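Notes follow once the structure below has been shown.
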Amino acid sequence: MKYSKTRKGRFISRINRFTADIDLDGKVERVHVKNTGRCRELFVPGAEVVLEESGNPDRKTAFDLVTVKKEGLGWVNVDSQAPNKAVLEWLRESRDAGEIFPGITYIKPEYKFGKSRVDFYMEAGEKKYLMEIKGVTLERQGQGYFPDAPTERGVKHLRELTGASKEGYDCCLGFVIQMEGINTVLPNEETHPEFKTALEEAAAAGVRIIYFGCTVCEDEMRIDRFVDITGKI
């Protein structure tokens, strides 16, 4: 997954969940933040950032903030839409996908299931798969954590996967690690203990847990490895 028409700037401040001010060539540019998480350890004054031009003249902001450089770690992708895009590319193009989902012949993103939408529905013969994706941007001392803010939606997704697994679907929760050098993810119990409980219940019900590792640079993110920790939570 590669961005086009990117420019570098320096982070000034976050205005609200959706906007931030960036120093772009010496001028203050208000941009759209494509991540509603806290990202406090990333959005610090002076941090180098990458913006993508929106290409929409009707928008109030001309740029999206997509990548941030974290001191001591490197580039971190903060685009909340990037994990699903990267997973779709991986499912379609990588031979490794067959190790997790052997023989898949059909992939449907944003699949309506019950009263919700699941990130991916897949088929392999008579077998039916459901997969939810969560992007990971929080790192502490070399360890990835999720979520970085309370996520009732994330808990809801886990409970839906738990129910679907009991109905016979092969269900998976995929954590896409949006930075390099991090290979594992722990539930951020301090921020949202209910998410940890729901994750443990899902794993006990047979939901598979996968970590997707990525190569991340200023204008690109792609999945290049995975770790299956099913049964280890």
Side-chain angles (χ1 to χ4, degrees), residues 1 17-18 32-39 64 66 77-92 97 100-138 144-178 185-189 191-212 214 221 223 226 228-231 233:
M1 193 212 72
R17 293 174 66 197
F18 305 103
H32 174 58
V33 178
K34 299 187 74 175
N35 191 315
T36 57
R38 290 172 177 167
C39 300
D64 293 316
V66 294
N77 184 289
V78 293
D79 178 358
S80 61
Q81 298 175 359
N84 283 40
K85 292 178 180 178
V87 168
L88 183 58
E89 288 182 357
W90 183 82
L91 287 171
R92 288 174 171 171
I100 302 178
F101 307 110
I104 55 172
T105 56
Y106 179 76
I107 303 170
K108 173 66 176 176
E110 293 295 316
Y111 178 73
K112 187 175 181 181
F113 182 77
K115 296 181 179 180
S116 301
R117 288 189 180 273
V118 179
D119 288 329
F120 292 97
Y121 167 79
M122 293 163 284
E123 293 179 356
E126 296 297 316
K127 200 162 191 176
K128 297 179 180 180
Y129 298 94
L130 295 174
M131 180 165 61
E132 274 292 331
I133 300 298
K134 302 298 177 190
V136 179
T137 61
L138 177 60
Y145 290 90
F146 183 92
D148 85 330
T151 172
E152 294 300 331
R153 185 168 178 264
V155 171
K156 177 174 176 282
H157 288 159
L158 282 171
R159 289 180 174 155
E160 288 172 340
L161 288 179
T162 299
S165 182
K166 294 176 180 178
E167 292 177 17
Y169 288 86
D170 189 318
C171 297
C172 174
L173 179 70
F175 289 104
V176 176
I177 305 171
Q178 295 174 253
V185 182
L186 293 177
N188 191 358
E189 185 175 11
T191 295
H192 197 176
E194 190 180 5
F195 181 84
K196 179 183 178 182
T197 300
L199 182 65
E200 291 172 343
E201 291 172 351
V207 176
R208 292 192 287 168
I209 312 297
I210 309 292
Y211 300 148
F212 292 103
C214 295
M221 184 179 84
I223 294 170
F226 70 90
D228 186 341
I229 64 158
T230 299
I233 289 182

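Here the structure is a predicted model, which is why all the values come from computation and not from measurement.
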For this session: Indicate, with yes or no, if the rings of F113 and Y121 have centres closer together than 6.0 Å.
Result: no
Exercise. In chain order, what residues pass the side-chain contact (heavy atoms from CB on, under 4.5 Å) check against E132, with sequence neighbours excluded?
Worked result: V118, D119, K134, H157, L161, L173
For this session: Would you indicate whether the side-chain heavy atoms of E123 and K108 approach each other to under 4.5 Å?
Result: no
Exercise. Is Y211 close to V136 at the side-chain level, that is, under 4.5 Å between some pair of heavy atoms?
Worked result: no
Exercise. Roughly how far apart are L88 CG and I223 CD1, rounded to 0.5 Å?
Worked result: 10.0 Å
Exercise. Are any of the side-chain heavy atoms of L158 and V207 separated by less than 4.5 Å?
Worked result: no
For this session: Kindly indicate whether the side chain of E110, heavy atoms from C-beta on, has any atom under 4.5 Å from the side chain of N84.
Result: yes
Exercise. Looking at I133 and P83, what are the two nearest heavy atoms and their distance?
Worked result: CG2-CB, 3.8 Å
Problem set entry | Partner residues of Y129 under the ring pair (Phe, Tyr, Trp, His ring centres under 6.0 Å) criterion, sequence neighbours left out | F101
Problem set entry | Rounded distance (nearest 0.5 Å) linking atom OG of S116 with atom CZ of R159 | 13.0 Å
Seminar exercise, completed: Shortest non-hydrogen pair, Q178 vs G135, comes out as OE1-CA, 3.2 Å
Problem set entry | Shortest non-hydrogen contact from M1 toward E89 | N-OE1, 2.7 Å
For this session: Determine whether F195 and N188 make a side-chain contact, defined as any pair of heavy atoms from C-beta on separated by less than 4.5 Å.
Result: no
Problem set entry | D79 vs D64, side chain to side chain contact (heavy atoms under 4.5 Å, CB included): CA-CA, chis, key distance, verdict | CA-CA 9 Å; D79 178 358; D64 293 316; over 6 Å; no
Exercise. Heavy-atom distance under 4.5 Å between the side chains of V185 and I209, does that happen here?
Worked result: no
Problem set entry | pair M131-I210: side-chain heavy atoms closer than 4.5 Å | no
Exercise. With the threshold set at 4.0 Å, does a side-chain nitrogen-carboxylate oxygen contact exist between D148 and R38?
Worked result: no
Problem set entry | NZ/NE/NH1/NH2 to OD/OE distance under 4.0 Å, E152 and K156 | no
Exercise. Quick check: does any side chain N or O of N35 sit under 3.5 Å from a backbone N or O of V78, one acting as donor and the other as acceptor?
Worked result: yes
For this session: State which residues pass side-chain contact (heavy atoms from CB on, under 4.5 Å) with T36; sequence neighbours excluded, sorted by chain then number.
Result: R17, F18
Problem set entry | Minimal non-hydrogen separation, G103 against A124, with atom names | O-CB, 3.4 Å
Exercise. Is there a side-chain contact between E160 and L130 (heavy atoms, below 4.5 Å)?
Worked result: no
Exercise. Among all residues two or more places apart in sequence or in another chain, which pass the side-chain hydrogen bond (donor to acceptor under 3.5 Å, both in side chains) test with E201?
Worked result: none
Seminar exercise, completed: For F212, the ring pair (Phe, Tyr, Trp, His ring centres under 6.0 Å) test, sequence neighbours excluded, returns W90
For this session: Output yes when a side-chain donor or acceptor of S80 lies under 3.5 Å from a complementary backbone atom of K34, and no otherwise.
Result: yes
Problem set entry | Partner residues of A205 under the side-chain contact (heavy atoms from CB on, under 4.5 Å) criterion, sequence neighbours left out | T162, K166
Exercise. What distance do Y106 atom OH and M122 atom CE have between them, rounded to the nearest 0.5 Å?
Worked result: 11.5 Å
For this session: Quick one: do I104 and K127 satisfy side chain to side chain contact (heavy atoms under 4.5 Å, CB included)? Show the steps, please.
Result: CA-CA 9 Å; I104 55 172; K127 200 162 191 176; over 6 Å; no
